[in-house]
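Here the structure is laid out as structure tokens; the discussion comes afterwards.
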Number of protein chains: 2
Amino acid sequence: MTIQYAILGLLSWHPFSGYDLKKVFADSAALYWSGNNNQIYTALIQLHKEGLVTRDVQVQESLPAKKIYTITEKGRAALKQWVLSMPELPEFHNTFLIQLTWADLLDSRELDALLASYEDEVRVQLLMQQEKANRQDTSPARTRREAYLSEMISQNLISIYQNELSWIGKVRQGLQHLEKSG
Amino acid sequence: MTIQYAILGLLSWHPFSGYDLKKVFADSAALYWSGNNNQIYTALIQLHKEGLVTRDVQVQESLPAKKIYTITEKGRAALKQWVLSMPELPEFHNTFLIQLTWADLLDSRELDALLASYEDEVRVQLLMQQEKANRQDTSPARTRREAYLSEMISQNLISIYQNELSWIGKVRQGLQHLEKSG
DNA sequence: ATAAGCATGTAAAGCGTTACATGATTTG
DNA sequence: CAAATCATGTAACGCTTTACATGCTTAT
């Protein structure tokens, strides 16, 4: 449950309510969790129990009380320790590659249609990611280095999608060549 | 639970026991499940219940009975239908990017060490993948097209790791430049 | 002797998503 | 009038991993 550290990180920028955290998760691709109620609210309760955040309840008229969470010094220390910890390996789950493994069951028209629809999906994803990168994101970027890292992080996903598109192009071209010659 | 289709695909090559399927999952990166007992054996029972595979029990002396599963015509039809179905989007889960998001907490030596250890991990992964691609893999490749697809599938993961390495290189270089100029 | 390989299965726990539950206010 | 926004929380379900359970044989 690394999501706790992601939440701790967001709280290191400024205090958040659970509801606002949900929105951050919803439109971030790097923060790959769905950001559903169950995850966010239980994680916040857990962080509070561990003393890594404090909770400030703002009672509102005609709306449920808003609970604002603020990171503690202990929380900042835990965050830094986690950031320093050994990186995990990235996980690439691509069900399409598994489909392709048995795509020899298809005729050439079906196969090319399959590749084309995957290409479309990836292209949409790339455009969304590029658009998001153009809009200023939620991060503060007080230092030049922080701004640079933020830029490189969104570049990472973009380059993965571009790599994927160029791979698809190669595959489709190769298949057409096989068709003609074979 | 797409793992059922992956198993069905493997069985379309030739019959397998659960134990042998486990080994296939264990050394395949594209088949991204761990391939633990629970998944494999319950999936096989489920596939059998649905009539997509038949089971042949080979009693052995002084070893547990080996159960060999063979795909049925119904199973082949289900597999083809799945291969034709709309591709899912790939999922990239990279916890390291989340670490980097708050890496401005680190001094430049700590940050470069973090990047260096991630680079090492990715490089090892790439080498393993390249080595695996050189060894003949478990797939049969009866047609030229099947061989080509198989080649491109292992190329996909390799290109992702290469893309990742070139990204890390760019990040580290950019940070060194910031150090000198800033 | 100890570990690894052969071979199957179940149980428990963790993590994640969807759906349920409530209820006022604002926007289309 | 319906849908979205604000705001929190719980319940149920499903997938995945780890651990438990058994037990013989072969290699180090």
Side-chain angles (χ1 to χ4, degrees), chain A residues 1-7 10-11 15-50 53-69 88-89 91-95 98, chain B residues 1-8 10-11 15-50 53 55-69 88-89 91-95 98:
Chain A
M1 208 163 28
T2 321
I3 197 178
Q4 295 204 9
Y5 287 107
I7 290 175
L10 291 169
L11 293 177
F16 275 96
S17 67
Y19 188 80
D20 289 328
L21 285 170
K22 270 185 68 177
K23 286 190 283 189
V24 175
F25 279 91
D27 69 48
S28 164
L31 302 174
Y32 49 80
W33 300 270
S34 71
N36 61 78
N37 292 353
N38 205 339
Q39 260 179 322
I40 304 280
Y41 292 116
T42 57
L44 284 170
I45 288 163
Q46 191 58 31
L47 288 170
H48 188 239
K49 207 180 287 173
E50 289 166 24
V53 302
T54 58
R55 161 198 284 155
D56 179 39
V57 182
Q58 287 181 355
V59 181
Q60 302 170 108
E61 40 167 339
S62 77
L63 270 181
K66 188 190 280 195
K67 294 174 180 174
I68 305 291
Y69 292 88
E88 291 173 29
L89 276 171
E91 280 174 44
F92 306 110
H93 289 193
N94 196 344
T95 305
I98 304 177
Chain B
M1 215 185 359
T2 319
I3 196 178
Q4 295 203 11
Y5 287 106
I7 291 175
L8 217 45
L10 291 168
L11 294 177
F16 276 96
S17 67
Y19 187 82
D20 288 330
L21 284 171
K22 271 186 67 178
K23 285 190 283 188
V24 175
F25 279 91
D27 72 46
S28 164
L31 301 175
Y32 49 79
W33 300 271
S34 71
N36 61 77
N37 291 355
N38 206 338
Q39 263 180 322
I40 303 281
Y41 292 115
T42 58
L44 284 170
I45 287 163
Q46 189 58 33
L47 288 171
H48 188 240
K49 207 180 290 174
E50 289 166 23
V53 302
R55 162 198 283 155
D56 179 40
V57 182
Q58 289 182 356
V59 181
Q60 304 172 107
E61 42 168 335
S62 76
L63 270 180
K66 187 189 282 198
K67 293 174 182 174
I68 305 291
Y69 291 88
E88 291 174 30
L89 276 171
E91 281 175 44
F92 305 111
H93 289 192
N94 195 345
T95 306
I98 305 178

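A, B, ... follow the sequence lines: proteins, then strands. Residue 1 opens every chain. The structure displayed is predicted, hence computed values, not measured ones. The figures here come from the full heavy-atom set of this structure, side chains too, leaving out hydrogens, waters and symmetry mates.
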From [options], pick the nucleotide closest to the side chain of [X]?
| X | options | value |
| --- | --- | --- |
| L63(A) | dA12(D), dG23(C), dG16(C) | dG23(C) |
| Y41(B) | dT8(C), dT10(C), dT8(D) | dT8(C) |
| N36(B) | dG23(D), dG9(D), dT18(D) | dT18(D) |
| Y19(A) | dC6(C), dT17(C), dA7(D) | dA7(D) |
| N37(B) | dA11(C), dT17(C), dT8(C) | dT8(C) |
| K67(A) | dT8(D), dA12(C), dT8(C) | dT8(D) |

Length of the CG-P vector between L44(B) and dT10(C), whole Å: 12 Å
Within the structure, does a side-chain N or O atom of [X] lie under 4.0 Å from either OP1 or OP2 of [N]?
| X | N | result |
| --- | --- | --- |
| Q60(B) | dA7(C) | yes |
| K22(B) | dT8(C) | no |
| S34(B) | dT17(D) | yes |

Return whichever of D20(B) or N38(B) has its heavy-atom-nearest nucleotide of DNA chain C closer to the 5' end. D20(B)
Considering heavy-atom distances to DNA chain C, does S62(A) or G35(A) have its closest nucleotide positioned more toward the 5' end? G35(A)
